[in-house]
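Below you'll find the structure, written out as structure tokens, and then a few comments.
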Amino acid sequence: MQDDYTLAELLIVAAAEAWRGNGEVLASGIGIVPRLGAGLAKLTHSPELMMTDAEAYLVEEPVPLGPRGTYVPRFSGYMSFARVFDCVWGGRRHVMIGPIQIDRFGQTNLSGIGDPFKPKVQMLGMRGLPGNSISHLNSMFVPNHGPRVFVAGEVDVVGGVGYNPARWPKGASDRHVDLRLIVTDLCVLDFGGKEHAIRVRSLHPNVTLEQVQAATGFPLASSGQLPTSAGPTAEQLALIRRLDPHGMRATVIKGNPSAFAPRATGKLP
Amino acid sequence: MQDDYTLAELLIVAAAEAWRGNGEVLASGIGIVPRLGAGLAKLTHSPELMMTDAEAYLVEEPVPLGPRGTYVPRFSGYMSFARVFDCVWGGRRHVMIGPIQIDRFGQTNLSGIGDPFKPKVQMLGMRGLPGNSISHLNSMFVPNHGPRVFVAGEVDVVGGVGYNPARWPKGASDRHVDLRLIVTDLCVLDFGGKEHAIRVRSLHPNVTLEQVQAATGFPLASSGQLPTSAGPTAEQLALIRRLDPHGMRATVIKGNPSAFAPRATGKLP
Amino acid sequence: MFDKTLSAGAVVAALKDGMTLGIGGWGPRRKPMALVREILRSKLTDLTVVAYGGPDVGMLCAAGKVRRLYYGFVSLDAIPVEPWFRRAREAGRIEAHELDEGLLQWGLRAAAMRVPFLPTRVGLATDVLKLNPDFRTVQSPYADGEVLLAMPALNLDAALLHVDRADRLGNVQTLGPDPYFDEWFARAATRTYVTCEELCERLDLAHSADARCNIVERSYISGVVAARFGAHPTSNPPAYGWDMEHLKAYTGLATEAGGWERYVNEFVSAPEPQYLERVGGAARLAALPPPVF
Amino acid sequence: MFDKTLSAGAVVAALKDGMTLGIGGWGPRRKPMALVREILRSKLTDLTVVAYGGPDVGMLCAAGKVRRLYYGFVSLDAIPVEPWFRRAREAGRIEAHELDEGLLQWGLRAAAMRVPFLPTRVGLATDVLKLNPDFRTVQSPYADGEVLLAMPALNLDAALLHVDRADRLGNVQTLGPDPYFDEWFARAATRTYVTCEELCERLDLAHSADARCNIVERSYISGVVAARFGAHPTSNPPAYGWDMEHLKAYTGLATEAGGWERYVNEFVSAPEPQYLERVGGAARLAALPPPVF
């Protein structure tokens, strides 16, 4: 019974762990899984987290995704875009976003593919990546773990800073840089390797380290026996359903597979 | 009949002239005469002036002084203290204040008398003088023209900047410094002398240039025949009464003399 | 008193080729689209645009009006990448000064405070520096000696905003939950023009109780244009939501040959009253629901 | 959930000698006087105080708690110069870092944004530089090359604020027309303690409609103290005005021998409930009229 959950639901639980023990920070989950993860964290292990209604107000009860029916969010505080930047620069925030590229240094790209002066594919732009990454806790979500995301060299456009000494001007301070988790459809990574190298922290069910390494453009650190990523408890699953009453989490991973579905080997897009 | 006005009323009219032709600036008159002057300017020659309720809102009709009875100010905009500084630094303001000392450079002091590290008399502090004086139009009001106010050397504590080259660090910009009028109980001064020297612009009735010079700690510029400062017209007087229904202007100059009262010569406190 | 009202055409006539324009709002939210459409109808060109971009930026790019663009993103929110902006970028047609979102407002604040720069860590160690090769660093003169990015002031020749209410004197109010950075666009600009849903004779007489919704004092407002639904197809919360149906059709045209000409012919070439009819008329627009996140 | 409520005594016990304290409010407006009185009752000393000063600063000076003071003014408004501050200054008893008012908030913003300084023209060519000999200038790295004052961050160990409403989680609201710079004191501080007129279990449940009155997010609020009339004798608009009768008596004592001891004996030595009785009780305080300007 307890094993009756989807991969997306497992990812939500894994994402929620990013916000554990952060203290009182604004938990910003951008996208369905990160947002549900933040909400789950607040409703379980970390009630001190702050959260917005995804518009301009703070709430103490995470707002469910999608049409709200009769549910009306109640506001405990104000968080306009202007205040978001004050919050970001002040450092009391932890955001999880889905970059289009991540490199071995943890540098991230949301701007585009190719030459930034004439991109092959223009994406969103820098958005808040430079500010987020240099100011407060950051985590990432990757629903399609592969070498196009985890690139072999540097990302095409560095939006979010990482642990790449060559990028830092002399005298500049990286003291607030603190990259935490990368939750992917294959595994959970962190920056616990040597000199903040990206390290495998846990593998999702039926995923091998070799599969993960093959899907990654750079060598991953890992140590000893890797645990299997935990799926939701019955309580967590109930909370996830409450936070996502319309089942939008089913759209995150193609086919919405069970967490225990067999994986194709040599996954290379 | 038209000559039936007090010195304070003449000073209000003189103060109002400071705001003529400024364009759309926040007119801040600190103290009874400057405030009434600003209100009079707005109600007559300069309706484009902005004004506050002396608290946090902008009004289009100057708020009368003192208890308001049934009058309720109506607000056209917001001007919190935070926004005042944004307005000041942006430069679209003209303030008239009453410094305790003014020197030949137009430098002003509201902080105290004597050594700033152990003042003989502590006054208000810098307040907004450094920011006002370096950012936008400034005028001054002196109800007791004498050498204690118009000091021989530099003011004891420079709060408001002036045209004193020795005070400006190399590379600093004084391009927004623009000192306008000084309205005193004897005369109206401006900064139209050589290299912004303080110059007599008009004399109040029954006041001579010699009296003014004798009451001033530094040489004043002046040129040709000096006009007599204009008193209020009947219309202006009616507006002044409307803006000051409780007659607070009577408290500004000791004894609330007529504008035409004889002056003691050699006025030296 | 005095009267700052004018037509959208008069606003655009006051703008000059080569100017730096700031555009208020945020993505597909409260954009001064009636003024943007008026620019599209004009010969104005060679613009430097500073914006948290939405269809305003996309349309100006599509029409070839933009030479240089300062932006943190250009997005329609539910449609993550603005399609016409994407085309212009991928064609290398605009000089793209991509910025962090917070850095953009910092540059506006520098201009507002009339300082040449404001320091920050944000942008260091990123390609913000590659895309803005004129940016310099500055060292703290204190014991820390830290090297920071000196974000230069983004001085604007003009800012364009859409607000809920304005009066003839230039007093303005926005009623939505977030004023975005409109205040800072105005303070950074030599002149600011607003369109408004409701034009009042005097806001102090009509809406004194909402004075705290005044986003910037009227000394920053040079001109006021009455333009009910002037933000369409972007949202103007809480009055109306964005028009996703329209934005989807607009997006679809970006991958069609002659798509922009079709959009212009259908929606831009005729004056504003016809535009409002062609997008469904007042009753439909007033009923556009606010988006739910 | 969690609960940040504590007593005024516990707040003061958490403060240490030599700390830098920021105090919110403005002159005789919305000062956290219940916390100031609690400091007066304690042995806490050797403080660096940053404030737009009113009786908070005056009382701390009178009690010899202040070693160093950063201020733009210290005033009771209708009584232009705070009398006890004046005495301390004229006796040369405090290290006075007199600032321009705008410069003070600029230093708080620098701390809030965690940059070592923010540039400005304000303070150049004035004795701000004499009274703050540690201040340095910085040169713009751009073509203008302008030399500006580098206002250093005013980093606070703790900030003390008074608000209208707070909840146990640390959410706060102020209802007056002007929030002053309380937000920036909080953001500049490692920890912030607030007193509140009304303590709620949950502001989102009790006063959601006023959420825009939230001056800073609760991550900046370390502790919440229930203190009805906690701003007395300063004003807490719109709820109550300042107590000019009390402030006049307080001012009168400044020129009497043993005046401070008398003030302490009469008003400070007994705990807060007695204080409120001695200044006239709740009915009188609730009826103190707002000042008219």
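Residue numbering restarts at 1 for every chain, and letters A, B, ... go by the order of the sequence lines. What's counted below: heavy atoms across the whole structure, side chains too, no hydrogens, waters or symmetry copies. Keep in mind the model is a prediction, meaning the values are calculated, not measured.
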Exercise for review: List the steps, then state whether side chain to side chain contact (heavy atoms under 4.5 Å, CB included) holds for B:Ser135 with C:Arg114.
Suggested key: CA-CA 9 Å; B:Ser135 303; C:Arg114 298 191 303 174; 3.9 Å; yes

Answer yes or no: is there a side-chain heavy-atom contact under 4.5 Å between [X] and [Y]?
| X | Y | result |
| --- | --- | --- |
| C:Asn171 | B:Glu60 | yes |
| C:Glu183 | B:Arg83 | yes |
| C:Arg202 | B:Glu61 | yes |

Contact origin within [X] toward chain C - heavy atom pairs under 4.5 Å:
| X | value |
| --- | --- |
| B:Met79 | side chain |
| B:Leu49 | backbone |
| B:Val88 | backbone |

Review point. Which region of C:Val172, side chain (C-beta onward) or backbone (N, CA, C, O), has a non-hydrogen atom less than 4.5 Å from a non-hydrogen atom of chain B, or is it both or neither?
Key: neither

Exercise for review: Please look at C:Arg212 and chain B and tell me whether the side chain, the backbone, both or neither of the residue comes under 4.5 angstrom of a heavy atom of that chain.
Suggested key: both

For the residue pair [X] and [Y], what are the closest heavy atoms and their distance?
| X | Y | value |
| --- | --- | --- |
| B:Asp86 | C:Trp184 | OD2-CH2, 3.5 Å |
| B:Gly90 | C:Tyr220 | CA-OH, 3.6 Å |
| C:Ser208 | B:Pro73 | OG-O, 4.4 Å |

Study note, to complete from the structure: In terms of heavy-atom pairs under 4.5 Å with chain C, the winner among B:Pro47, B:Ser173, B:Gly77 is B:Gly77

Check your understanding: Given the options B:Trp89, B:Phe85, B:Tyr57, which has more heavy-atom pairs under 4.5 Å with chain C than any of the others?
Key -> B:Trp89

Practice item. Could you check B:Glu48 against C:Lys4 for salt bridge (Lys or Arg N to Asp or Glu O under 4.0 Å), going step by step and ending with a plain yes or no? Key: CA-CA 11 Å; B:Glu48 68 277 12; C:Lys4 294 180 182 169; over 6 Å; no

Review point. Run the side chain to side chain contact (heavy atoms under 4.5 Å, CB included) check on B:Arg74 and C:His207 step by step: do they pass?
Key: CA-CA 9 Å; B:Arg74 287 167 299 191; C:His207 295 293; over 6 Å; no

Point to revise | Side chain C:Asp204, main chain B:Val59, donor-acceptor under 3.5 Å | key: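 Such a contact is absent between C:Asp204 side chain and B:Val59 backbone.
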
Practice item. Take B:Cys87 and C:Glu217, measure what side chain to side chain contact (heavy atoms under 4.5 Å, CB included) needs, and give me the verdict at the end. Key: CA-CA 8 Å; B:Cys87 175; C:Glu217 60 270 26; 3.4 Å; yes

Practice item. Could you go through the side chain to side chain contact (heavy atoms under 4.5 Å, CB included) check for B:Glu24 and C:Phe2 one step at a time? Key: CA-CA 11 Å; B:Glu24 211 166 350; C:Phe2 48 100; 4.1 Å; yes

Review point. Measuring from B:Asn22:CG to C:Ser219:OG, what's the distance to the nearest 0.5 Å?
Key: 12.0 Å

